[in-house]
Amino acid sequence: MNNITLEALGISKEQIVEKIVSNLTEEAREEITDLVASDIRKKVMAEVQSDLLATVKTAVAETCAKALDVKFQPLDVWGEAQGEPVTVREMFHRHAKEWWSQTVDAQGRPTDGYSKKMTRAEWHAAEAVKTALNGSLHAELEGVIKDARNEVSSAVSKVLHTYVTQHFPPAK
């Protein structure tokens, strides 16, 4: 068997150690660079996204505010001008007022007026009160019924005790 030494190949121990240290250093540097670049990329993207979102929100708010104040000409079903030009904001206000003022029946559906008459606003208010009262009234009634049951049970026990002691005296 031929034994060849490192010295015979012209390689010293120091050269091997230096090469290993150099390779490990290069790998560590690349890994650290990748980690730092990834972290920087995430931070930059988060900052850009935050700025972009703020810019878009501002632009949308400004555009909506402008759009609500643009006047347009209302038309009838045939496309003929009807009334004076109005803004979208005024139109929303008018339609909302009409909707809340519309006469509805006991189920909150629009009606022709032959049933119980109330506005949609009154109906919603009555429903809210009814719901609140039903919830609290139910809990209150449960408490009253429980107390009444306890009182009746106690009274029946006393009456039975009195009856038994009067009619069946204890044996002496």
Side-chain angles (χ1 to χ4, degrees), residues 21-160:
V21 169
S22 174
N23 284 346
L24 288 174
T25 304
E26 181 61 27
E27 285 180 26
R29 186 190 61 75
E30 287 175 4
E31 194 171 318
I32 289 172
T33 301
D34 289 346
L35 289 172
V36 169
S38 174
D39 191 42
I40 290 172
R41 188 177 305 115
K42 286 178 186 174
K43 287 181 181 177
V44 167
M45 289 304 290
E47 192 65 32
V48 167
Q49 187 176 11
S50 174
D51 288 349
L52 183 62
L53 185 59
T55 302
V56 168
K57 279 184 178 179
T58 302
V60 167
E62 289 172 0
T63 302
C64 287
K66 288 178 187 174
L68 289 174
D69 292 326
V70 171
K71 289 199 176 225
F72 70 96
Q73 177 63 54
L75 305 174
D76 62 14
V77 293
W78 295 280
E80 307 269 334
Q82 181 180 5
E84 295 296 316
V86 294
T87 65
V88 175
R89 186 182 313 271
E90 293 166 342
M91 185 184 72
F92 282 155
H93 180 265
R94 182 178 52 204
H95 284 295
K97 187 175 180 182
E98 288 171 5
W99 189 83
W100 281 108
S101 301
Q102 186 177 20
T103 303
V104 296
D105 63 12
Q107 285 76 37
R109 295 182 302 236
T111 183
D112 56 8
Y114 288 110
S115 60
K116 184 176 180 183
K117 292 182 180 181
M118 66 177 79
T119 65
R120 185 172 275 121
E122 292 168 334
W123 182 82
H124 278 284
E127 287 297 307
V129 168
K130 188 186 331 177
T131 301
L133 284 179
N134 282 344
S136 62
L137 185 60
H138 182 71
E140 188 70 31
L141 283 176
E142 281 182 349
V144 169
I145 290 169
K146 184 178 178 183
D147 292 344
R149 281 184 185 151
N150 291 337
E151 287 178 25
V152 167
S153 176
S154 177
V156 167
S157 284
K158 287 178 185 175
V159 167
L160 283 175

* Structure fact -> Rounded to the nearest 0.5 Å, the OG1 atom of Thr111 sits from the CZ atom of Arg120 at a distance of 11.0 Å
* Structure fact -> Between Ala65 and Arg89 the two heavy atoms that sit nearest each other are O-NH2, 3.9 Å
* Spacing of Met91 atom CE and Arg94 atom CZ [to the nearest 0.5 Å] -> 7.5 Å
* Would you say Ser38 and Lys42 make side-chain contact, with heavy atoms under 4.5 Å? -> yes
* How many angstroms lie between atom CD of Gln107 and atom CD of Glu127, to the nearest 0.5 angstrom? -> 9.0 Å
* To do: Could you check if a side-chain atom of Arg109 sits within less than 4.5 angstrom of a side-chain atom of Val104, using non-hydrogen atoms only?
  => no
* Within the distance-only criterion (no hydrogens, no angle test), does the side chain of Trp123 pair as donor or acceptor with the backbone N or O of Ala106 below 3.5 angstrom? -> yes
* Asked: Is the shortest heavy-atom distance from the side chain of Glu90 to the side chain of His93 under 4.5 Å?
  -> no
* To do: Please check if atom CD in Gln49 has more than 12 non-hydrogen atoms from other residues, nucleotides or ligands closer than 6.0 Å.
  => no
* Answer yes or no: is there a donor N or O on one side and an acceptor on the other, between the side chain of Ser50 and the main chain of Ala46, under 3.5 Å? => no
* Closest non-hydrogen atom pair between Pro74 and Pro85, with its separation -> CD-CA, 4.1 Å
* Structure fact -> So CD of Glu31 and CD of Glu27: to nearest 0.5 Å the spacing works out to 8.5 Å
* So how far is it from Glu140 CD to Ile145 CD1, rounded to the nearest 0.5 Å? -> 11.0 Å
* To do: State the CD-CD distance between Gln82 and Gln73, to the nearest 0.5 angstrom.
  => 9.0 Å
* Distance-minimising heavy-atom pair for Phe92 and Leu68 -> CE1-CD2, 3.8 Å
* Asked: Looking only at atom types and distance, does a side-chain atom of Thr33 sit under 3.5 Å from a main-chain N or O of Arg29, one as donor and one as acceptor?
  -> yes
* Asked: With no hydrogens and no angle check, is any side-chain donor or acceptor of Ser153 less than 3.5 Å from a backbone partner on Arg149?
  -> no
* List for me each residue that meets salt bridge (Lys or Arg N to Asp or Glu O under 4.0 Å) alongside Asp147, sequence neighbours excluded, and say none if there are none. => none
* Asked: Would you find more than 12 non-hydrogen atoms of other residues, nucleotides or ligands less than 6.0 Å from Glu30 atom CD?
  -> yes
* Start with the C-alpha distance between Trp100 and Thr119, add both sets of side-chain angles, then the distance that settles side chain to side chain contact (heavy atoms under 4.5 Å, CB included), and finish with yes or no. => CA-CA 7 Å; Trp100 281 108; Thr119 65; over 6 Å; no
